[in-house]
Amino acid sequence: MIREALAVKVANVVSNMHAKGKIPVASLGPIEIADTKQPEHGDFACNIAMAGSKLAGMNPRALGELIAGELAGDEAFESIEVAGPGFINFRLRNTYVSNFVTLVSRTSLLPTPLSRQKINVEFVSVNPNGPITIGSGRGAAYGSTLCNVLEAAGHQVHREYYVNDGVNSEQMRLFAESIKAILEGQPVPDNGYKGDYVQNVAEILRTDVGPDAGLDTLKAHAERLMVAKQREDLHAFGVSFDTWFSEQSLHDGGEVEAEVTALLNSGIADSEPVRVKLKLAKGGKVESVEQEPQDEGGTLWLRSTKFGDDMDRVLRRRDGRLTYIASDIAYHKDKFNRPHHADKLITVLGPDHHGYIGRLQAVVAAMLIADGQVEGRPGNTQLSETDAQLFRSGMERDLCLAATELARKMLDVQIFQLVRFLKDGKPAPMRKRDGNIFALIDLINEIGEKMRPEGMPEEKQQAGSDVARFFYLMRSHDTTFDFDLSLAETKSDDNPVFYVQYAHARISSILRKAELEPKAGEYTERPETELIKKVVDLPNEIRRCAEDYGVHRLVTYSIELARAFHHFYNECRVIDPENIATTQSRLALCQVTQIALQTTLGLLGVSAPEAM
RNA sequence: GCCCCAGUAGCUCAGUGGAUAGAGCAGCAGCCUUCUAAGCUGUUUGUCGGAGGUUCGAGUCCUCUCUGGGGCGCCA
């Protein structure tokens, strides 16, 4: 809030200077109000004099002095100095900073929306063949928080889970075969599913559908059980979805076959027994095109190399079954063409899927062409030597390039990196001793048990979920990180979750004890003004997170906000019967801090306890 | 071979192209008859892996390179 207000002041001054003929342009570019690293540099700094010196046609120091001079009369400032190479340093009056306390509300702490998009965010989307694992937990925490942040930034968000329940899935078939084997008392097939939960599913199905049920029936029922389990586990983790989309529904409705036909008609797919592969040089440039002849025919190929994918993908296998890529194309078409269509898709995937980005964008590009949504641009009809191996004509090449470009704008794939779990400083196995995969719900329950041994089951899960979410979100999703189980399970001041939650509990306690109405006043103590500055910076933090999807910064912010409060708490006594005015104004400051903490923790999906 | 990620204080990591690179932990020294000590205060710590380049200015952007982790299926 303060930054925005200062940026407006600077922008006005620049525009006035232009009106007066002092500078040749009305804008010197975007105005950034930055933190100062040293207190002697004031409260905030602006680099516009350096960034805009060329446009203004004068040296940064002179421009800075000019801007500072124009701003000098403003009562917001205690002082304005031009320093170093041309920084404009602002020192704000306490009265000015104090005024912002009355402006804080639940809505004013959210950024002013610059654009309002309809965004479909798909995340988690694991196969319905087991519980959500601790690896997927990172995607769940990240995806759900990203959705919250995008919403807070003004976008309309649709949370989506894609259920890979298609008949084409090899893995799901293997899952069903494993269950069938158990029911028949046969050994589980090689690479089959052997965890305890598979036994449980088999036992449930033995009574529900009988031991002699066919493979398709078993598969359908097993999937339903697993999806229900996943939904339940995710719910305990504070994650919910607007849509659980069934892949199989696309096959049943004929959309996949229709899309395959459309692709064939567009020449994007064919059954020539050859696979094209791109040999890429550093930087992703196509070095050469290899045609890899296939021994057997009968395969239907998506020529995804036309869209920059490094090799063509199979749409229909030799045995006639469609692949997941085929349903993916129909799925993306569906996502874009629903009544409440999406302007943009974000897909959150795990580290093992990073090779999938090019494929997915090729999928969307192919869909756009098959759907006739791309205009060909009349351009160069010449084909280079490598182009000639990929495209039939210059027109087709231009169409494919346009489709690829559009697809990259419409689909944003976010990959989260690996999580390593550490216990006592050593890597903890992702599988338990009995061979079962470590499930997210086990992590939640285990941490919850340590945190709240005497709590009710819901309290334990809440505590476990809070800690797990906070930890998952601490680091950038785009970085591998170590999840320190020992630290997460420690009920100590080392645990940053509690540092933040404790600040909220302290505020709640003060507000409970207070017998006076909060009433904003003037704040003169340094811990007070520092706290105000931190509180009103929340909209700026949310906006930045929504822009680059780096939601981990919100965790850093929450810690900084809590720290600013704890400092204030120790330095400035709130409740003082001898001084009613100070008590009231500090209560108001507590209240706005509480709002900021609740908003931040709410976005992170972490609870804000009234007492600890 | 190609792709993604990382390399910053003893450890774990922040770090909007800006000024003298910051936190937490660990270590040491303090603060509870006072609103929750799950808190606060003080103190020590740097070839930002390396080399070029772009820029008025690079930990941040580009190129190359070294080291480590992960990925490149007619599996999803």
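Order of the sequence lines sets the chain letters (A, B, ...), proteins ahead of strands, with each chain counted from 1.
- Taking 4.0 angstrom as the limit, A/R317 places a side-chain polar atom (N or O) nearer than this to OP1 or OP2 of B/C75.
- In terms of phosphate contacts, A/Y557 brings no side-chain nitrogen or oxygen within less than 4.0 Å of OP1 or OP2 of B/A14.
- In this structure, A/K533 is positioned above the aromatic face of A/F44, its NZ or CZ under 6.0 Å from the six-membered ring centre and within 45° of the axis.
- Across all strands shown, the partner of B/C31 is B/G39, judged by Watson-Crick or G-U wobble contacts whose two distances both fall under 3.5 Å.
- Not less than 6.0 angstrom separates the ring centroid of A/H552 from the ring centroid of A/Y142.
- With hydrogens and angles ignored, a donor-acceptor pair under 3.5 angstrom links the side chain of A/N89 to the base of B/A19.
- Listed candidates were B/A14, B/A19, B/U41. Nearest to the side chain of A/R475 is B/A14.
- Residue A/M50 is in base contact, counting any heavy-atom pair closer than 4.0 Å across all strands shown.
- Under a 4.0 Å N-O distance rule, the pair A/R303/A/D312 qualifies as a salt bridge.
- Under 4.0 angstrom from either OP1 or OP2 of B/C25 there lies no side-chain N or O belonging to A/Y499.
- Of all nucleotides listed (B/C35, B/G71, B/G39), B/G39 comes nearest to the side chain of A/R506.
- One finds a side-chain N or O of A/K54 lying less than 4.0 angstrom from the OP1 or OP2 phosphate oxygen of B/C56.
- For A/E296 and A/A281, each mapped to the nucleotide of RNA chain B holding its nearest heavy atom, the one lying further toward the 5' end belongs to A/A281.
- A salt bridge does not link A/K219 to A/E177: none of the charged side-chain nitrogens sits closer than 4.0 Å to a carboxylate oxygen.
- Pair assignment for B/A26: none, as no Watson-Crick or G-U wobble contacts are both less than 3.5 Å.
- Between the side chain of A/H566 and the base of B/C40, no donor-acceptor pair under 3.5 Å is found.
- Of the nucleotides present, none pairs with B/A58 by Watson-Crick or G-U wobble criteria with both distances under 3.5 Å.
- Contact of A/T299 with B/C74 (side chain to base): a donor-acceptor pair of N or O atoms is detected under 3.5 Å.
- Taking the 5.5 Å centre cut-off and the 30° plane limit, the aromatic side chain of A/H41 is classed as stacked on B/A19.
- Remark: the A/R543 side chain and the B/U16 base include no donor-acceptor N/O pair separated by less than 3.5 Å.
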